[in-house]
Amino acid sequence: MLLLKKITVGLHDIIWNCLLTMTAWNNQSGSYCYQSKKAKDPELSTRTSWVDAQLAYRLVLKGQLSGKKCALLVRSHLQNHLFKLGRFEQRHCGKVLILGLLFLSLFAIGLKTSVVENDINKLWVEEDGRLPKELEYTKSMLGEGYGSENQIVIQTPGTGAKNVLTRESLLNHVEVVTRATKIEVHLFDEIWRLDDLCVKASFPSFENFLVTLLLNKLVPCVVVSPLDCFWEGSKMLGPRRPLLLPASYGLEPITWKNLYPELLVSTLENNMDFDFDIVKDALRRAGLVSGYQKKPCLDPFDPECPVYSVNYRSTETVDSVAPALTGGCFGFAPEFMHWEEDMIVGGVTRNRSNVMVSAEAVQTIIQIMGEQDLYNYYKGTYLVSSIDWSQEKAAQIIEVFQKKFTEVVVSFNNQSNVTDSVSSFTQTSLDELIQEFSEISFVRIGIGYGLMLLYAILTLMNCCNPVHSHAGAGICGVVLVSLSVAAGLGLCSLLGLPFNAATTQIVPFLALGLGVDDMFLMVHTFSQICSSGYTYYQDQAGELVKRAGCTVLLTSLSNSGAFLIAALVPIPALRMFSLQVGILLLFNLITILLIFPAILSIDAWRKKNFRVDVVCCIESAPSTKVTDISALSSPSPTEDKQNTVVVSEVTDNIVTKFAATDYTEYEGTASYSDTGSSQNLTEASKPSTCCDNKTSSKCSALSLSWLVDQFYLPLVEKTWFKVVVFVFNTVLICVSIYGITQVKVGMELTDIVPKETNEYRFLKAQSDYFGFYDMYIVTKDNFQYQLPENQKLMRELHGKISQVSYVIQKDDGSSREFWLDLMVKWLRDLQESYDNDVAAGFFHSNGWYYNASDDAVLAYKLLIQTGDTNNPLDKTQASYKRLVNDEGIIASDAFYNYLTAWVYNDVLAYEVSLASIRPEGKEWFYVPGEGDLLIPKAPSIQFARMSFFLHKLVNTEEIVKCIRAVRDICEDYEELGLDSYPSGLIFTFWEQYINIRYYLLISLVSVLASVFIIITFMMMNPLAAFLLVLTLSVITVELFGFMGLIGIQLSAVPVVILVASVGVGVEFTIHVMTSFITSIGNRQLRTKRSLSFMFAPIVHGAISTLLGIIMLAASQFDFIFRYFFLSLLALVVLGLFNGLVFFPILISVCGPSGEVEPEDLSDSSIPLTRLIITPPSSPEGHRARRRRSSTKKPLADPVVLSTITEEQSGASAASSHSSNQEICSKVTPTVNVETTITPYSKHSSTQGAQSKNGTRSFTKVKTKATVTVEVHTELPGYGGHDSPIVTKTSHSPPTQVEETNDLESAGCVTTL
């Protein structure tokens, strides 16, 4: 702390010297006049730099006071400009208001261009990081919309059951999946079915077109299902229209329910003139022998159950079919399609023999083409020849199909015979969830804003004295801030900043809450300025903006700067949120400082003309009261400070005024206060009522301000209370740190879905039982795939990835083959066929004989390829060259020739591998008997994928571990020269969580650092900035810990709220700190004064913010309730506690010194006599500031009053309310004074001169003796200060004088 103090002093001196050399200060005239009325303001002696930093600065320069010259210089310049701004706004309030509303409305129109962004890639993928580059590379290779989408059906047991592997349950699963496969969508004058949209494997093309057509019609959709373990799995495969063969073939219409591939090929071979060896080889490599005919039937008595089934017509009934699923199931191509248990069954229970006994969930996955594949598949075909086919239309077809798919599956639950729960989920369902979550709820926002409006009315309304009520200003303030929020969001839309969930759910309430906080402070300050009676009417807005504007400017710039700096975080959602909030805070600043004072100026005019609040057309009813000056107590004989008192009247009440504050000539306008002196001279013995003039303002604040002054402020002084607060907050911080350690990274999709919905049931079941995802390892260009060492490197990479615990492996523990393994396997089969035919003598030195097999001939063609474009063939190589060596290394010279042959002649294996090799080479199909030996060379590989299946990823923590493990392996092999990266949904959506703690730390440090810098240079007080940032850090830590304790996971939304907590915390603390450093006295006294002045507006702002977010509690999304409502509620509560309890205790112990300090820090105020500066000798500045009235109406008879001595006690100087002042008066003769002011009307008396606004003032003075009057007043001007003038008049026995004063005229009446 001592080091920080030394740094503060040094920094202060450096900045002070810089400012002093750059600033030319004119001591002859001020930028605004220091009026004589304000010279009597007790706040000037207790909060000098808050009221007038320029005066404080001059006194410090003259050595009359001590203080921080640098801070006072900055504040005085700022107050100077803000005062001019406020006076301008009051003088032209109507123009300012209209132009301001027009300005905000024009920007609000920009909301028409707003766009809500729901794309995960554009929201949560780190900008300029590795992931965007990887996604862009994938997109450049595969195109937009490439890939497939999964339609998933999950079935779980009904209430009370724990096993879904029963015959009844699986038969229900057959029915629901079969229904889903029969969906039809009518769109673009066509009927679209699953057969038209699903992903299908392909067979190679053959020389016989009829054979190729028959096989392609039988190729089914790719379906991953537990039903593939049974014959019933064939019911999902179709085809929709059975394949009809000539009756002479002796076969029934063919579907997968009765398809026996081996028998079908034999029948075709016997009836067609075609060599089916190549077809048999293709079916053999795929494992297509018996199809589903030999698999067990769930219902052995099903009429269609094949006779080849192992349990055909079996009378043996077994309730559980779980053993049949042990080890997984095989699809229609067993060699390439093996569905491991974890892909299709979840919640498995096993016996001691590791045989499956039961399971709690099963799932079926149906793959359909992505929009790009669908577009390319039908492009140029007859089916879409009549429509303007495009990728957008393809996307629309997929979206409609997915919606209907979900509807059909969900409707199955409504059947009475279904006891299990069936749910479905598609990509469209996820998109709709995110879109619904990001939508703006205008009803919720409207109700929240309405509650905030109602609270502003209730807190600012004065039922006892409607003239002094500010409910109308509160209404206009809330509406104005709301319009400011709309304008700010409109500008964001025009700037191209899209909205997202954070924008729609947080920003409207956060921005309004912060804006309304400043609005309450402005109204609170304005009310005190008006009620104090020490500010001229035409200067009220200027004084308001000068005093409260500095704090509003400081908070807004701190918050806005903090959020704009937080936009450096590369997560797009966080960046957009930070930029939007920063822009909105700037709009709030413009609204509060430039437009709202115009509304308050209109409200001041209403009060001056005694109009009722809100209903301005109604005038206030007058009242009358007489005060006898002789009844006032005499002053203490030790008091020697004198002020002359003169009598005046307001609102038909008879009150007593200070002469110095009654009428002062100033720029052609007369003004006075109607409350201050009436409270000063009211009889102390008379009990007050709520509707008394002197207590109406107090009654309106009794519930909060009075309680603070009477009960809370005395507590702040107590040592035991400080100790309790420090101990309590220390314990709270420790508990919060523990809560932070419990925070888990991630966000579950179940959190953003309403419960009791199909989507929630599905996501819950998938999270609990499966956690299944697919993943790819992409190898890039700049890598010579054909080299032997690089082929080994690829296999090593594949093996390392396969060893990750989350990767699904084969039953024997080996890894699944990737494209290079399948290519090697195909080449080995060809090599084996060639070797056998060579041994049989079917080949000679220049070619082959007619009896050579097709595979052997293809192998021969491959062997003679050299890979050299200049000399592509070398027949001599066939005698010694091997396609693949014993280590599984493909011959490197002709690697790309072999790749072309494999891709187009082992189509099923290539498509199952999901390699998606790019760029695609020229098509080449092997045609038996064709003499062409040249095989085209494929282009160098720039993009290839290794496919993997992941399981056990049931939560974000496991997913992040998997991502880290895979990333580490890829980085290791990148150092070895193999440039690769992982791809898949988990990397796109969940990789953000790897560095989210780092980004949170960077965001918070940036925000706190910006707040520290801004406050340091605007307050010129590093210690104040340090203590404030320390408190903001405490608020953030406690909020973070609260999130961990209630189970909130760390995702982008909590990060946004934590960053926003700094901005909200500034609102709770910076007002208190500003009031603290501008007050006079020791730390204890300054703390009490800052709380007394700032407690009410801060609490009102906090409550209004809570009312704005309270509607979030009624959301059907549990995510909105926990992540938004509870978090924001905790933020407000913690902000109130730390801002109004902990922070005041902290600064009372180690707070910075004040900007102005008395000689003795124990002093509670600076005497007003010390705040008078002798004016300069030249009257030019005075003349420039003063315009006297050209004529003055002579009095009928001079007034004679007695000299009254009055002194304010120290306690009155310490109080900011004039009602607490004690007036000691000494009167020699008895004087009875009665003054009446009545609004002018047609029926009013014609006595007296009529004023400009129709108001008359009548003063009647009756005396019993000759009275000598000395009126001490000060002339305005001379650099803002007046010299005293003493006027004496005398008069003989009883006389009555009437005087009429023009309340709109200017001037200071020094004699009556």
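Keep in mind that what you see is a predicted model, and the values were worked out from it rather than measured. We number each residue from 1, following the sequence as shown.
For the residue pair A473 and L600, the shortest heavy atom distance occurs at CB-CD2, 3.7 Å. Of all the heavy atoms in Y449 and P508, the pair that sits closest is OH-O, 2.7 Å. The two residues G1151 and L1027 make their nearest non-hydrogen contact at CA-CD1, 3.8 Å. In this structure, F107 and F103 approach most closely via the heavy-atom pair CE1-CE1, 3.1 Å. Taking every heavy atom of both residues into account, G100 and I595 meet most closely at CA-CD1, 3.5 Å. Looking at every heavy atom in both residues, L1058 comes nearest to L1004 through O-CD2, 3.7 Å.
Side-chain contact between H1071 and P1097 is absent, with no heavy-atom pair separated by less than 4.5 Å. Using a 4.5 Å heavy-atom threshold, the side chains of N1021 and T1016 count as separate. Under the 4.5 Å side-chain criterion, counting only non-hydrogen atoms from C-beta, S105 is in contact with L483. Put simply, the side chain of V523 reaches to within 4.5 Å of the side chain of M519, judged on heavy atoms. R1089 has its side chain out of reach of L713: every pair of non-hydrogen atoms, C-beta onward, lies at least 4.5 Å apart. Put simply, the side chain of V1034 does not reach to within 4.5 Å of the side chain of F1143, judged on heavy atoms. In this structure, the side chains of L594 and V96 stay at 4.5 Å or more apart for every pair of heavy atoms. The shortest side-chain heavy-atom distance between V1066 and L554 does not fall under the 4.5 Å cut-off.
Counting only distance, with no hydrogens or angles, the side chain of S531 and the backbone of Q528 share a donor-acceptor pair below 3.5 Å. Looking at T1069, its side chain does come within 3.5 Å of a backbone N or O of G1065 through a donor-acceptor pair. N1138 places a side-chain N or O within 3.5 Å of a backbone atom of L1134 that can act as its donor or acceptor partner. When atom types are taken as modelled, the side chain of S560 and the backbone of L557 share no donor-acceptor pair closer than 3.5 angstrom. In this structure a side-chain-to-backbone donor-acceptor pair under 3.5 Å is present from K546 to V51. A donor-acceptor pair under 3.5 Å links the side-chain atoms of T459 to the main chain of A456, judged by distance alone. Put simply, the side chain of S469 gets close to the backbone of N462: a donor and an acceptor are under 3.5 Å apart. No donor-acceptor pair closer than 3.5 Å links the side chain of S484 to the backbone N or O of L480. Panel note: side chain S114, backbone G110; no donor-acceptor pair is recorded below 3.5 Å. Q580 contributes a side-chain N or O that, together with a main-chain N or O of P498, makes up a donor-acceptor pair within less than 3.5 Å.
One finds the CG atom of L1028 at 13.0 Å from the CZ atom of F1068 (value rounded to the nearest 0.5 Å). Distance CD/E1067 to OG1/T551: 10.5 Å, rounded to 0.5 Å. Atom CD1 of I1147 is separated from atom OG1 of T1031 by 8.5 Å, given to the nearest 0.5 angstrom. Rounded to the nearest 0.5 angstrom, E543 CD and T525 OG1 are separated by 11.0 Å. Between atom CZ of residue R1086 and atom CD1 of residue I1077 there is a gap of 9.0 Å, rounded to the nearest 0.5 Å. For the atom pair CD1 (I1098) and CD1 (I1103), the distance works out to 12.0 Å, reported to the nearest 0.5 Å.
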Residue pair E1155, M1020: steps toward the side-chain contact (heavy atoms from CB on, under 4.5 Å) verdict: CA-CA 10 Å; E1155 292 180 344; M1020 293 299 167; over 6 Å; no
Given side-chain contact (heavy atoms from CB on, under 4.5 Å), test V1099 with V708 step by step and report yes or no. CA-CA 11 Å; V1099 171; V708 171; over 6 Å; no
Please determine whether side-chain contact (heavy atoms from CB on, under 4.5 Å) holds for the pair M1018 and L553, giving the CA-CA distance in whole Å, both sets of side-chain angles, and the decisive distance to 0.1 Å. CA-CA 10 Å; M1018 292 196 69; L553 184 65; 4.2 Å; yes
Test side-chain contact (heavy atoms from CB on, under 4.5 Å) on F1042 and L1131; report intermediate values, then the result. CA-CA 9 Å; F1042 170 80; L1131 172 58; over 6 Å; no
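A side-chain donor from one of D603 and H470 sits under 3.5 Å from a side-chain acceptor of the other.
Heavy atoms of other residues, nucleotides or ligands lying less than 6.0 angstrom from CZ of F88 number 12 at most.
Note that R47 lies in the cation-pi zone of F1093, set by a 6.0 Å cut-off to the ring centre and a 45° limit from the axis.
In this structure, F1095 has its ring center closer than 6.0 angstrom to the ring center of Y712.
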